[in-house]
Amino acid sequence: MTDERKDAVEAALDLLVYAPLGFALEARGLLPKFVERGKNQVTMAKMVGQFAVQQGQVEANKRLGPVQEQVEAVLADLGLVPRGTAAPSSSAPPPAPADDRAPSADVAPVVELVPEPEPEADEVPLDPTALAIPDYDSLAASQVVPRLRALEPEELEAVRAYESAGRGRKTILNRITQLQNG
């Protein structure tokens with residue numbers, strides 16, 4: 001038998017006979033170690049998964065929170081849901097600790113219902129093309145409200161006067177009053 005054949009036979013014996021025999025003899029001692037390693041891997045995967053879900057919820061709330069608040073405010077203004085009854089999402093993470101900083105500019109404040117201002121008797125209806133919001137008459141209240149924040153005080157007053165003299169949509173008038181008051 002040549003040396004190459006002898007090496008191949010020994011390698012086959014190692015792989016097919018001695019290794020399984022050695023594993024069978026050591027399996028009893030190695031089994032607890034394998035179980036422990038498997039449990040550690042599952043625990044680590046669970047922690048990584050929970051972290052990923054929490055980060056996803058934080059990012060989703062960061063992106064959708066202002067929109068959700070605006071929708072809730074508009075629905076409350078339209079009288080479709082009672083004010084202040086919006087339940088927090090059960091999947092949302094716990095609120096962040098209190099912060100002494102001023103509220104973020106991208107978070108919409110809660111719109112409160114205020115009495116509709118009475119139109120002034122000497123008020124002259126405006127031309128809708130003179131308003132700072134293009135195509136004002138073709139827009140729904142839900143389309144106008146988000147645009148009000150960007151207006152200058154005199155533009156806001158012009159929209160208030162036009163809306164009061166015309167359709168008198170309370171959602172728009174309430175939001176204007178809120179912006180004018182502060």
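The first residue of the sequence shown is numbered 1, and numbering continues consecutively from there. Basis for what follows: all heavy atoms, side chains included, without hydrogens, waters or symmetry-related copies.
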Exercise. Are more than 12 heavy atoms from other residues, nucleotides or ligands located less than 6.0 Å from atom CG of Asp7?
Worked result: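 Yes, enclosed.
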Problem set entry | Donor-acceptor pair between Gln55 and Glu59 side chains, under 3.5 angstrom |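 Absent: no donor and acceptor within the cut-off.
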Exercise. Can you find a pair of side-chain heavy atoms, one from Leu156 and one from Gln180, that are under 4.5 Å apart?
Worked result: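 Result yes, sub-4.5 Å side-chain heavy-atom pair found.
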When rounded to the nearest 0.5 angstrom, what distance separates [atom1] in [X] from [atom2] in [Y]?
X      : Y      : atom1 : atom2 : value
Ile176 : Leu151 : CD1   : CG    : 8.0 Å
Arg37  : Leu30  : CZ    : CG    : 11.0 Å
Arg147 : Arg175 : CZ    : CZ    : 14.5 Å
Leu75  : Gln68  : CG    : CD    : 10.5 Å

Problem set entry | Plane angle bin for Phe34 and Phe23 - parallel if under 30°, tilted between 30 and 60°, otherwise perpendicular |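 Answer is parallel, since the angle falls under 30°.
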Nearest heavy-atom pair of [X] and [Y]: which atoms, and what distance?
X      : Y      : answer
Leu148 : Ile172 : CD1-O, 4.0 Å
Leu173 : Ser164 : CD2-OG, 3.5 Å
Pro20  : Asp14  : CD-O, 4.3 Å

Return a table of donor-acceptor pairs under 3.5 angstrom between the side chains of residues 38-47 and protein atoms on other chains or two or more places apart.
unit_1, atom_1, unit_2, atom_2, d
Asn40, ND2, Glu36, O, 3.4
Thr43, OG1, Lys39, O, 2.9

For this session: Please test Gln54 against Gln50 for side-chain hydrogen bond (donor to acceptor under 3.5 Å, both in side chains), starting from the C-alpha separation and ending with a verdict.
Result: CA-CA 6 Å; Gln54 287 175 347; Gln50 288 174 339; over 6 Å; no
Exercise. Is it true that Leu131 and Leu139 fall in one hydrophobic cluster, defined by side-chain heavy atoms closer than 4.5 Å?
Worked result: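 Linked, Leu131 and Leu139 end up in one cluster.
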Exercise. Does Val53 share a hydrophobic cluster with Val58, counting links as ILVMFWY side-chain heavy atoms below 4.5 Å and allowing steps through other members?
Worked result: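 Different clusters.
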Exercise. Would Arg167 and Glu163 pass as an ion pair if we require N to O under 4.0 Å?
Worked result: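 Salt bridge between Arg167 and Glu163, a charged N being under 4.0 Å from a carboxylate O: no.
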